[in-house]
Asker: 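For reference, the structure I am asking about is given below.
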2 protein chains.
Amino acid sequence: MSTKLSFRQKVHLAREDAIVTAVKRLLADKGFDLMTVDEVAAEVGIAKASLYKHFPSKEALAAAAMVQVMDSALAESARLQADAGLDAGARLREITRWTLRTQLAGEMPTLPSENSSLRAALLAHEGYMTRLMDLSDRLGEWIVQAQADGTIDPALPPEVVLYTVFARACDPVVGFLKAGGRHDDAAIVEHVMRSCFGGLQTRPPSAA
Amino acid sequence: MSTKLSFRQKVHLAREDAIVTAVKRLLADKGFDLMTVDEVAAEVGIAKASLYKHFPSKEALAAAAMVQVMDSALAESARLQADAGLDAGARLREITRWTLRTQLAGEMPTLPSENSSLRAALLAHEGYMTRLMDLSDRLGEWIVQAQADGTIDPALPPEVVLYTVFARACDPVVGFLKAGGRHDDAAIVEHVMRSCFGGLQTRPPSAA
DNA sequence: GTCTATAATAAGATAGAC
DNA sequence: GTCTATCTTATTATAGAC
């Protein structure tokens, strides 16, 4: 890969980045089905036909946004991996916290529900699937390690833990609490973290 | 209310019930936005125009389905309330279990996401809102009682517990595990129950 | 590559006969 | 109340000039 880019190419990439940023925000706000390409064009400030010169379809638009989110998540996971002061359990908690903060910031596109034209497009999108598997592998290692360490319940199958962490990205509890207006963002994150990792039941005073 | 119904009225109600049943299934399967009125008509086996003689809009169709689900949930909560062998914590666990079983059976319509024409229709639907508030009140009493009993973590605000229980109705973990095919329905329910009430962290051997 | 204008299609809703 | 046929609107996508 050359790092030397012509002015034209830089402008091109900057525009595509502006488009993807708008798509991310709209996806987080309304979801794929309710987001219209007209809205995206309006938010970016260009004509709809110009959008289609950059991305061939609405699905490709959304996939590009999902790839960018995956890259953010992978970057965050790399930071946590590099932090030698954290054990596997702490890394899992911190990536979950990052997920909740990202959702609260309105930057977490809602994942595709089971039946959606987006779902098929994402499954066929090589870049997205590679990143999803990389992230799953890294979190999977943390989970197995944390279960060996005794910080994550070994009675839960690892995929249950993985899906539960992933699901925080679209946890409706976050939105409900935000809409209620009785808690600030930090409190919402801590409440959801406590219910997720500690459970709803009362915990006996921990030996640890 | 008279219990005496003419034959015509009975046929009318039976048809409306068939419609609502189809809508419930399609809502659980595809969600509101992806469900089309044509599909509903096809599944019931009548013409679309006939549907509109029974329900004035797609939103009214979905609202009728949501009311029926709420009635099921209220009936289940009444059964649990009447069971003197259960304390508040056990009732909360059992209503959550019922929610998960209903979702696995394909009978739990997905709740409206934040931005949807359905959301506004439901907020304006008196029958739905009354039932939602009745159910929230009953679960709210259970939560406060369970926190006083020490079976639910008193550090969590009651509304966090309430929303967390409600959110099991659309927990994507259930669908992921089902799609994975490595667990039967009963195992899925138990894994999600354990992660929800016990938390992802290892629990020290309980004193209780 | 950007624009305006325009297909092409899908889906909610209705008209009018029976 | 049920049907067929149709209207209306919203939305994805493209044509063609510059």
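Everything numeric in this text was worked out from a predicted model, so none of it was measured. A note on names: the letters A, B, ... follow the listed sequences, proteins ahead of strands, and every chain is numbered from 1.
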Asker: Whole angstrom is fine here: how far is it from CE in A:Met35 over to C1' in D:dA10?
Answerer: 15 Å

Asker: Can you tell me the distance, in whole Å, between the CG atom of A:Asp38 and the P atom of C:dT4?
Answerer: 13 Å

Asker: Go through the structure and list residues passing side chain to side chain contact (heavy atoms under 4.5 Å, CB included) with B:Ala47, not counting sequence neighbours.
Answerer: B:Ser50

Asker: Taking OH from B:Tyr52 and P from C:dT14, how many angstroms apart are they, rounded to a whole number?
Answerer: 7 Å

Asker: Rounded to whole Å, please give me the gap between CG in B:Leu118 and C1' in C:dA11.
Answerer: 17 Å

Asker: Please name all residues satisfying side-chain hydrogen bond (donor to acceptor under 3.5 Å, both in side chains) with A:Arg101, sequence neighbours left out, ordered by chain then number.
Answerer: none

Asker: May I have the distance from A:Leu34 (atom CG) to D:dA10 (atom C1'), rounded to whole angstrom?
Answerer: 12 Å

Asker: Rounded to whole angstroms, how far apart are NZ on B:Lys58 and C1' on C:dA11?
Answerer: 8 Å

Asker: In this structure, how many angstroms lie between the P atom of D:dT11 and the CG atom of A:Leu26, rounded?
Answerer: 13 Å

Asker: Indicate every side-chain donor-acceptor pair of residues 59-68 of chain B with a distance under 3.5 Å to a residue at least two apart or in another chain.
Answerer:
from: B:Glu59; atom 1: OE2; to: B:Ser117; atom 2: OG; distance (Å): 2.8
from: B:Gln68; atom 1: OE1; to: B:Lys24; atom 2: NZ; distance (Å): 3.0
from: B:Gln68; atom 1: NE2; to: B:Asp17; atom 2: OD1; distance (Å): 3.3

Asker: List the residues meeting side-chain hydrogen bond (donor to acceptor under 3.5 Å, both in side chains) with A:Arg91, not counting sequence neighbours, and say none if there are none.
Answerer: none

Asker: Among the nucleotides D:dT11, C:dG1, C:dA11, which one has an atom lying closest to any side-chain atom of A:Arg8?
Answerer: C:dG1

Asker: Give me, pair by pair, the N or O atoms of the protein and of nucleotides 2-7 of chain D that are less than 3.5 Å apart, along with how far apart they are.
Answerer:
from: D:dT2; atom 1: OP1; to: B:Arg15; atom 2: NH1; distance (Å): 2.8
from: D:dT2; atom 1: OP2; to: B:His54; atom 2: NE2; distance (Å): 3.0
from: D:dC3; atom 1: OP2; to: B:Ala47; atom 2: N; distance (Å): 2.5
from: D:dC3; atom 1: OP2; to: B:Ser50; atom 2: OG; distance (Å): 2.9

Asker: Are B:Ser77 and B:Arg138 close enough that a side-chain donor and a side-chain acceptor fall under 3.5 Å?
Answerer: yes

Asker: Not counting sequence neighbours, which residues clear side chain to side chain contact (heavy atoms under 4.5 Å, CB included) with B:His183? List them please.
Answerer: A:Pro157, A:Glu159, B:Leu177, B:Ala187, B:Ile188, B:His191

